[in-house]
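Taking it in order: structure first as structure tokens, then the write-up.
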Amino acid sequence: MTTLKAGTPAPDFALHSTPDQTLSLSELRGRPVVLVFYPADWSPVCGDQLCLYNELLPEFSGFDAQIVGISVDGVWCHLAYKKDRKLRVALLADFEPKGAVARLYGAYNEKTGEAGRALFVIDREGIIRWSYVSPIGINPGADGILKALGAIAPANLRASGSSFDSLQRQEI
């Protein structure tokens, strides 16, 4: 699995968020986007990872960033999962053709038939600025995402940005 690297234009896509609604990457142009590819709803590591991002939504919104989770699970599975876990992050179904978007980003695992645990930070112009692939059983956390968002944030957001950014400046 060779994932797309920083400096690469992010491939556009449109995936279902509900049975009758789709979300495309191009709709989010003009703001940073964090794509979170993950293997499956209901798995323990994925649940921890997505719940962490859900808790950190105020941090991400401090950078005006949109978090988008993508797996090969279907729309109905995502809707049940979001309701059960009280998730407010967008979850998109890369269901049919199975894993097509994960393949575009080099994040599809042919052996398991699932997306790998891959993260992409995309800038306002649609360019990948940071990517990371975590071992499948390891929650990658949010530090790398927040650092990448801080690096691409306009000066006014970096100066007043998130509390994470303030903590990072204090540690230096």
Exercise for review: Apply the test side chain to side chain contact (heavy atoms under 4.5 Å, CB included) to residues Asp94 and Leu92: give CA-CA distance (whole Å), side-chain angles for both, the deciding distance (0.1 Å), then the verdict.
Suggested key: CA-CA 6 Å; Asp94 195 8; Leu92 302 181; over 6 Å; no
Of all the heavy-atom pairs spanning [X] and [Y], show the shortest one and how long it is.
X      : Y      : result
Pro32  : Arg124 : CD-NH1, 3.4 Å
Pro39  : Ile136 : CG-CD1, 3.3 Å
Gly47  : Tyr81  : CA-OH, 2.9 Å
Phe13  : Ile70  : CZ-CD1, 3.9 Å
Val121 : Ala148 : CG2-CB, 3.9 Å
Asp64  : Arg31  : O-NE, 3.0 Å

Using modelled atom types and a 3.5 Å cut-off, is there a donor and acceptor pairing between side-chain atoms of [X] and backbone atoms of [Y]?
X      : Y      : answer
Lys98  : Glu114 : no
Arg117 : Ser134 : no
Gln21  : Thr18  : no
His78  : Ser17  : no
Tyr53  : Gly141 : yes
Ser26  : Asp12  : no
Asn54  : Lys86  : yes

Any side-chain heavy atom of [X] sitting closer than 4.5 Å to one from [Y]?
X      : Y      : answer
Phe120 : Phe37  : yes
Leu149 : Phe60  : yes
Pro19  : Leu79  : yes
Leu28  : Leu23  : yes
Pro11  : Leu4   : yes
Pro140 : Gln49  : yes
Trp130 : Leu119 : yes
Leu146 : Glu59  : yes

Tell me whether [X] shares a hydrophobic cluster with [Y], the cluster being built from Ile, Leu, Val, Met, Phe, Trp, Tyr side chains joined at under 4.5 Å.
X     : Y     : result
Val45 : Trp42 : no
Val34 : Leu57 : yes
Leu15 : Leu35 : yes
Phe63 : Ile67 : yes

Point to revise | Side-chain ion pair, Arg85 and Asp41, N-O less than 4.0 Å | key: no
**Study point:** Pair Val36-Val89, side chain to side chain contact (heavy atoms under 4.5 Å, CB included): steps then yes or no
**Key:** CA-CA 10 Å; Val36 178; Val89 299; over 6 Å; no
